[in-house]
Peer 1: 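Input: one structure, supplied below.
Order of appearance sets the numbers: ligands from 1, and atoms from 1 within every ligand.
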Amino acid sequence: MKILVTGASGLLGAEIEGLAGTRGHSVVPLTRAELDVTDKRSVAAAIKGAGLEAVVHCAAYTAVDKAESEPELARLVNCDGTKNVASICGSEGVDFVYISTDYVFDGAKRAPYLPGDLANPLSVYGKTKLEGEKVTWEIANPALVVRLSWLYGDQKGFVPAILRQALAGETPLRVVSDQVGQPTWVRNAASTVIDLLEVGARGTLHVGDKGECSWADLAQEVLRLDGKEIHIEGVSSEEFGGAALRPSYSVLDLTETEEVLGRPMPSWQDALRSFMHCKNEYW
Ligand SMILES: NC(=O)c1ccc[n+]([C@@H]2O[C@H](COP(=O)([O-])OP(=O)(O)OC[C@H]3O[C@@H](n4cnc5c(N)ncnc54)[C@H](OP(=O)(O)O)[C@@H]3O)[C@@H](O)[C@H]2O)c1
């Protein structure tokens, strides 16, 4: 397939670019400098007549806390930018894949969220990502919306931050223990998104590594796998601070995706172990 990836220098975009290429697809990876999705004319120029079969829309405003003070910018990228890409895909007959987030949910369910469960985002980021889902369905239908959660796999983000703090001798490490989610190795997420594209999946699907834990549990497992005996002190989200409210529970039910692909998703513990074995590839 010929696939255009927006936001190609981001965590997910870069992984999709690499993996789709190794799987024999022809990939057009466009970074923000090469394609600003808020610029409708540039979006049209990149997609029209390019012979694409699919666009995987990884470009997004992802700064969850900063979005609280920059709601217009978050909306411009996540909603208007998505509308630009979805509408050209719709008129050109190109498959559109919108990447969304577990933060569209409020956490009140306290059981894994099904794709059809009612979304009720708590943050500006979550609200603008949900608006992106809505414009996708208004414009690009049929389309694929893939919700992901708690990605790791580059030099930034939670997992390397924990390892750095441990290396710096910070003890105990204070980590949020009242948010439960689904840590997901970006390589597994990217691979599953490509699988779904290859089988022509449609609708809203949830993708992630299976199981659930808190950030404190995840930190403890990272340190254990790294051979470090460091005490993690669980703290509340309120104590930890942060401008945006996050769901206290945002685990995604993966059953439908497993049925579509005919295979189980790996457990987050197995995925993390695999990642820790090859993390030097990433940093
Ligand atoms: N990371 C997670 O834990 C997580 C969890 C659930 C869902 N998701 C979703 O997964 C998708 C990918 O996220 P990610 O983790 O890969 O985030 P990321 O690393 O922040 O990547 C986002 C990319 O979008 C680019 N971008 C921002 N504004 C743009 C614009 N106007 N035009 C074109 N590109 C633009 C960024 O470029 P610059 O770097 O130049 O700004 C960056 O390369 C997003 O839809 C996100 O909501 C992520």
Peer 1: Is the closest side-chain heavy-atom distance between Val260 and Thr257 below 4.5 Å?
Peer 2: no

Peer 1: Is a side-chain donor-acceptor pair under 3.5 Å present for Thr136 with Glu133?
Peer 2: no

Peer 1: Among Trp150, Tyr125, Tyr103, which one has a heavy atom closest to atom 8 (N) of ligand 1?
Peer 2: Tyr125

Peer 1: Which protein non-hydrogen atom lies closest to atom 32 (N) of ligand 1, naming both residue and atom, and how far is it?
Peer 2: Val37 N, 3.0 Å

Peer 1: Do me a favour and list the nearest non-hydrogen protein atom to atom 7 (C) of ligand 1 with residue, atom name and distance?
Peer 2: Ser100 O, 3.2 Å

Peer 1: Return yes when Ala14 approaches ligand 1 closer than 4.0 angstrom through a heavy atom, no otherwise.
Peer 2: no

Peer 1: When you measure from atom 35 (C) of ligand 1 to each heavy atom in Arg32, His57, Lys156, which option holds the nearest one?
Peer 2: Arg32

Peer 1: Could you pull out, from Ser42, Pro183, Ala8, Ala60, the option with a heavy atom nearest to atom 36 (C) of ligand 1?
Peer 2: Ala60

Peer 1: How does Thr6 reach ligand 1, if at all, at less than 4.0 Å between non-hydrogen atoms: by side chain, backbone, both, or neither?
Peer 2: neither

Peer 1: Contact between ligand 1 and Gly81 is defined here as a heavy atom of the residue under 4.0 Å from a ligand atom; is it met?
Peer 2: no

Peer 1: Yes or no on salt bridge (Lys or Arg N to Asp or Glu O under 4.0 Å) for Arg202 and Asp95, after CA distance, side-chain angles and deciding distance?
Peer 2: CA-CA 9 Å; Arg202 297 276 191 268; Asp95 279 0; 3.3 Å; yes

Peer 1: So, is Lys129 polar-close to ligand 1, with some N/O to N/O distance under 3.5 Å?
Peer 2: yes

Peer 1: Where is the nearest protein heavy atom to atom 34 (N) of ligand 1: which residue, which atom, and how far?
Peer 2: Ala59 CB, 3.3 Å

Peer 1: Tell me the contacting part of Ala33 for ligand 1: side chain, backbone, both, or neither, using a 4.0 Å heavy-atom threshold, strictly below.
Peer 2: neither

Peer 1: Return the closest protein heavy atom for atom 12 (C) of ligand 1 as residue, atom name and distance.
Peer 2: Cys58 O, 3.5 Å

Peer 1: Output yes when the distance from some N or O of ligand 1 to some N or O of Asp36 is under 3.5 Å, and no in every other case.
Peer 2: yes

Peer 1: Please write down residue, atom name and distance for the protein heavy atom closest to atom 43 (O) of ligand 1.
Peer 2: Gly10 N, 3.1 Å

Peer 1: Is there side-chain contact between Leu163 and Val222, with at least one heavy-atom pair below 4.5 Å?
Peer 2: yes

Peer 1: Which one of Leu252, Thr62, Val77 has a non-hydrogen atom at the shortest distance from atom 17 (O) of ligand 1?
Peer 2: Thr62

Peer 1: In the protein, what heavy atom is nearest to atom 6 (C) of ligand 1, and what distance, to one decimal place, separates them?
Peer 2: Leu148 O, 3.1 Å

Peer 1: In plain terms, say whether Lys228 and Asp226 are close enough for a salt bridge, that is, a side-chain N and a carboxylate O under 4.0 Å apart.
Peer 2: yes

Peer 1: Would you mind checking if Lys40 and Asp80 are paired as a salt bridge, meaning a charged N to carboxylate O distance below 4.0 Å?
Peer 2: no

Peer 1: Check whether any N or O atom of Thr31, backbone or side chain, sits under 3.5 Å from an N or O atom of ligand 1, and answer yes or no.
Peer 2: no

Peer 1: May I ask you to decide whether Arg23 forms a salt bridge with Asp195, counting only side-chain N to carboxylate O separations under 4.0 Å?
Peer 2: yes

Peer 1: Measure centre to centre between the rings of Trp268 and Trp150, then say whether the value is under 6.0 Å.
Peer 2: no

Peer 1: Hey, would you say the Tyr152 and Phe158 ring centroids sit under 6.0 Å apart?
Peer 2: no

Peer 1: Pair Lys2, Glu53 - check salt bridge (Lys or Arg N to Asp or Glu O under 4.0 Å), show working.
Peer 2: CA-CA 5 Å; Lys2 187 169 180 188; Glu53 279 151 286; over 6 Å; no

Peer 1: For the pair Tyr249 and Tyr113, name the ring-plane relationship: parallel under 30°, tilted 30 to 60°, perpendicular over 60°.
Peer 2: tilted

Peer 1: What do you reckon, does Gly13 have a nitrogen or oxygen under 3.5 Å from a nitrogen or oxygen of ligand 1?
Peer 2: no

Peer 1: Looking at Gln182 and Leu252, would you say the former's side chain and the latter's main chain have a donor-acceptor pair under 3.5 Å?
Peer 2: yes

Peer 1: Please state which option from Leu151, Val193, Leu73 has its nearest heavy atom closest to atom 1 (N) of ligand 1.
Peer 2: Leu151

Peer 1: Going by the atom numbers of ligand 1, which of them fall below 4.0 Å from some non-hydrogen atom of Leu12?
Peer 2: 12 (C), 16 (O)

Peer 1: If the cut-off is 4.0 Å to any non-hydrogen atom of Leu35, which atoms of ligand 1 fall inside it?
Peer 2: 32 (N), 33 (C)

Peer 1: Taking atom types as modelled, is there a side-chain donor on Ser274 or Arg187 under 3.5 Å from an acceptor on the other?
Peer 2: no

Peer 1: Test side chain to side chain donor-acceptor pair (under 3.5 Å) on Glu131 and Thr128; report intermediate values, then the result.
Peer 2: CA-CA 5 Å; Glu131 285 172 30; Thr128 60; over 6 Å; no

Peer 1: Polar contacts were defined as any N/O atom of the residue lying under 3.5 Å from an N/O atom of the ligand; does this apply to Leu11 and ligand 1?
Peer 2: yes

Peer 1: Under 3.5 Å between some N or O of ligand 1 and some N or O of Ser9?
Peer 2: yes

Peer 1: Identify the closest protein heavy atom to atom 9 (C) of ligand 1: which residue and atom is it, and at what distance?
Peer 2: Ile99 CG2, 3.7 Å

